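Can you keep this structure in mind? I'll have questions shortly.
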Amino acid sequence: MKPLTIISAVAMVAAVACTKAPKEPVSIIPQPAEITVNDGYFKIAGAPVCIAENVPEEAVKAINDFENQLALVSGKKAVVGNTPVQKGITFMFNGNVGPEDYALNVTKDGVTVEASAFSGFFYAIQTMKQMLPVEIYGSAKAKGDWSIPFVSIMDSPRFAYRGLLLDCCRHFFPVEEVKKVLDLMAIHKMNRLHWHLTEDQGWRIEIKKYPKLTEIGAYRNGTQIFRRNETDGKRYGGFYTQEQLRDVVAYAAERGITIIPEVDLPGHMVAALASYPELGCTGGPYEVMQRWGVMPDVLCVGKEETFTFLEDVLTEVMDIFPSEYINIGGDECPKIRWKECPRCQARIKKLGLKDTKEFSKEHYLQNYVTARIQKFINDHGRKIIGWDEILEGELAPGATVMSWRGTKGGIKAVEKGFDVVMSPNTYCYIDYYQTKERDKEPYRIGKYLPIEVVYGYEPMEGMPENGEDHIYGVQANLWAEFLPTIADMEYMLLPRMSAISEVEWSPKGSKDFDRFRTSLDHMKGIYETLGFVYCKALWGQIGLPGHEIPARTPEELDTLDWKKVPFMEE
Ligand code: ACM
Ligand code: ZN
């Protein structure tokens with residue numbers, strides 16, 4: 001870190017020399033690890049750019065993209081080269097910092113950016129863009145003060161895994177929209193998209209060896225209306241081709257984002273069973289689910305054919321997605337069919353599994369499935385991650401646990417020495433209502449999670465001392481049962497995604513809701529420039545105009561069980 005310290009000192013001296021007052025507060029989300037703002041501004045539009053020789057190639061592309069964008073909106077083209085510049089922008093390699101770290105110094109003499117890898121340079125650019133007028137995100141020439149304040153920033157993420165889950169199964173979002181979400185993630189320095197691609201209500205990933213998964217499994221004959229015992233009867237669905245998926249993987253990589261696909265097993269598999277009924281305990285018939293919830297029909301794991309199927313599917317999945325981790329789900333797998341299935345019971349007998357005080361032998365059968373799939377994935381050079389149910393019974397070393405049923409699964413996993421990603425529903429389920437005025441909101445899943453609560457999440461709370469060593473990261477989950485349109489999805493995502501980005505990135509103890517709230521005024525301009533729908537509750541407007549607000553019956557309200565929800569109505 002030494003060279004960075006020297007540059008910071010130079011920046012401070014230079015800044016003191018200039019007395020121009022800042023025009024407005026510096027609004028950067030997520031808040032950088034260390035930032036000093038000094039008086040004065042440097043005009044960057046048209047300033048010459050030097051990219052030092054050893055800056056990585058992908059970073060050179062990102063820098064050129066930024067310069068082209070700046071030229072487009074400002075109308076001033078800069079000279080970009082690798083010779084030293086005066087009063088310009090210099091990008092330098094610094095091998096002493098981590099791959100996602102960067103130092104950004106702005107003085108009257110110009111801008112210097114130091115990083116060691118693509119991500120660091122890319123994040124420095126994101127920070128610079130947030131210090132410019134929001135029109136930098138636009139697609140046309142705009143009037144603006146294309147200067148950035150004198151700052152000295154040394155930035156580094158708190159967590160390595162900074163995730164967002166997008167559920168494209170309950171409702172299907174096209175590739176172009178997924179790319180827009182990736183753009184937003186990049187702005188927020190988030191680096192893992194957990195893509196939920198298989199479900200009871202729809203299978204969304206083309207698997208060449210099993211074409212019926214998308215011919216049959218990608219479509220349902222209706223969608224449940226609110227929580228009622230009826231569906232709309234309209235055929236609904238869609239899927240991504242392997243070509244589209246590879247394109248999205250590359251698009252994400254250009255933004256420092258790894259896509260982690262989820263193939264949820266052995267539960268949440270009814271769309272696969274509808275396509276290949278022989279994979280179930282009863283043999284069906286099954287149909288792609290039209291209603292939400294946890295389904296009794298799961299994969300029959302007494303049959304070898306089921307493992308052949310899973311291995312074939314995962315082989316194609318691993319070929320499309322180069323991620324270190326593959327998410328194998330593992331949540332909400334009822335054991336009722338296994339208890340009655342002669343094949344599953346024969347497997348239990350053969351394996352010598354027994355009930356214990358804590359868990360049934362069928363739970364241990366799920367452990368067997370997890371361990372067997374884990375070995376297969378490990379043998380292909382990858383690792384597994386799964387929901388906290390995989391911890392019930394026995395979990396083989398090397399698995400990573402995603403804590404969703406509150407924080408206790410994560411705490412238990414850490415106590416047992418596993419790495420965890422924390423996505424507790426109590427803080428990270430951004431499919432929950434974000435205002436208390438539910439009667440003014442489109443119908444959502446029945447809990448309340450305002451932005452203040454999301455922002456206030458401290459992942460170390462309740463963790464053992466060594467927790468931070470095992471907390472690989474944090475993730476917000478956007479489930480899509482009640483998000484029938486792109487507008488509904490974006491409305492739930494924003495602005496809570498901005499809040500989670502500070503939980504994921506900013507140093508422990510650095511959060512300050514008032515500062516964040518002020519920064520959101522600038523971020524809101526970015527949402528608008530990029531054409532996103534967002535929840536305006538913080539700006540005094542509740543609801544999503546033009547979207548249906550159901551008249552709820554008392555029966556529906558009862559089903560929602562509001563009273564049991566934490567943070568409610570206190
Ligand atoms: C989950 O929300 N079922 C992981
Ligand atoms: Zn079975």
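One-based numbering, in listed order, for ligands and for the atoms of each. All figures in this text were calculated on a predicted structure; none of them were measured in a lab.
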- May I ask you to list the atoms of ligand 1 that are less than 4.0 angstrom from any heavy atom of Trp404?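 Checking each atom against Trp404, I get 1 (C), 2 (O), 3 (N), 4 (C).
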- May I ask you to check whether over 12 heavy atoms, not counting those of Leu351, lie within 6.0 Å of atom CG?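 Counting other residues, nucleotides and ligands, CG of Leu351 exceeds 12 neighbours.
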Problem - Arg343 and Glu305 ion-paired at < 4.0 Å - result: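 Answer for the salt bridge query: no.
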Closest protein heavy atom (residue, atom, distance) for atom 2 (O) of ligand 1: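 Atom 2 (O) of ligand 1 sits closest to the protein heavy atom Tyr429 OH, 2.6 Å.
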Note to self: Closer than 4.0 Å to some heavy atom of Glu332 - which atoms of ligand 1 meet that?
What the structure shows: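 Near Glu332, the atoms of ligand 1 are 3 (N).
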Notebook entry, point to check: Is the NZ or CZ atom of Lys524 both under 6.0 Å from the centre of the six-membered ring of Tyr534 and within 45° of that ring's axis?
Noted result: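 Ring-cation test returns no.
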_Per-atom contacts, ligand 1 versus Asp331 - under 4.0 Å to a heavy atom_ =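 Listed by number with element, the hits are 1 (C), 3 (N), 4 (C).
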Distance under 4.0 Å to a non-hydrogen atom of Trp479: what atoms of ligand 1 satisfy this?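 Answer, ordered by atom number: 1 (C), 2 (O), 4 (C).
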Is it true that the NZ or CZ of Arg347 lies under 6.0 Å from the centre of Tyr368's six-membered ring and within 45 degrees of the ring axis?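 So Arg347 doesn't make the cation-pi contact.
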Using the ring of Tyr251 (Phe, Tyr or Trp, six-membered ring only), decide whether Arg255 places NZ or CZ under 6.0 Å from its centre and within 45 degrees of its axis.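 Pair Arg255/Tyr251 counts as cation-pi.
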What angle, to the nearest 10°, do the atoms SG (Cys300) and SG (Cys281) form about the Zn ion (ligand 2)?
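Vertex the Zn ion (ligand 2), arms to SG of Cys300 and SG of Cys281: 110°.
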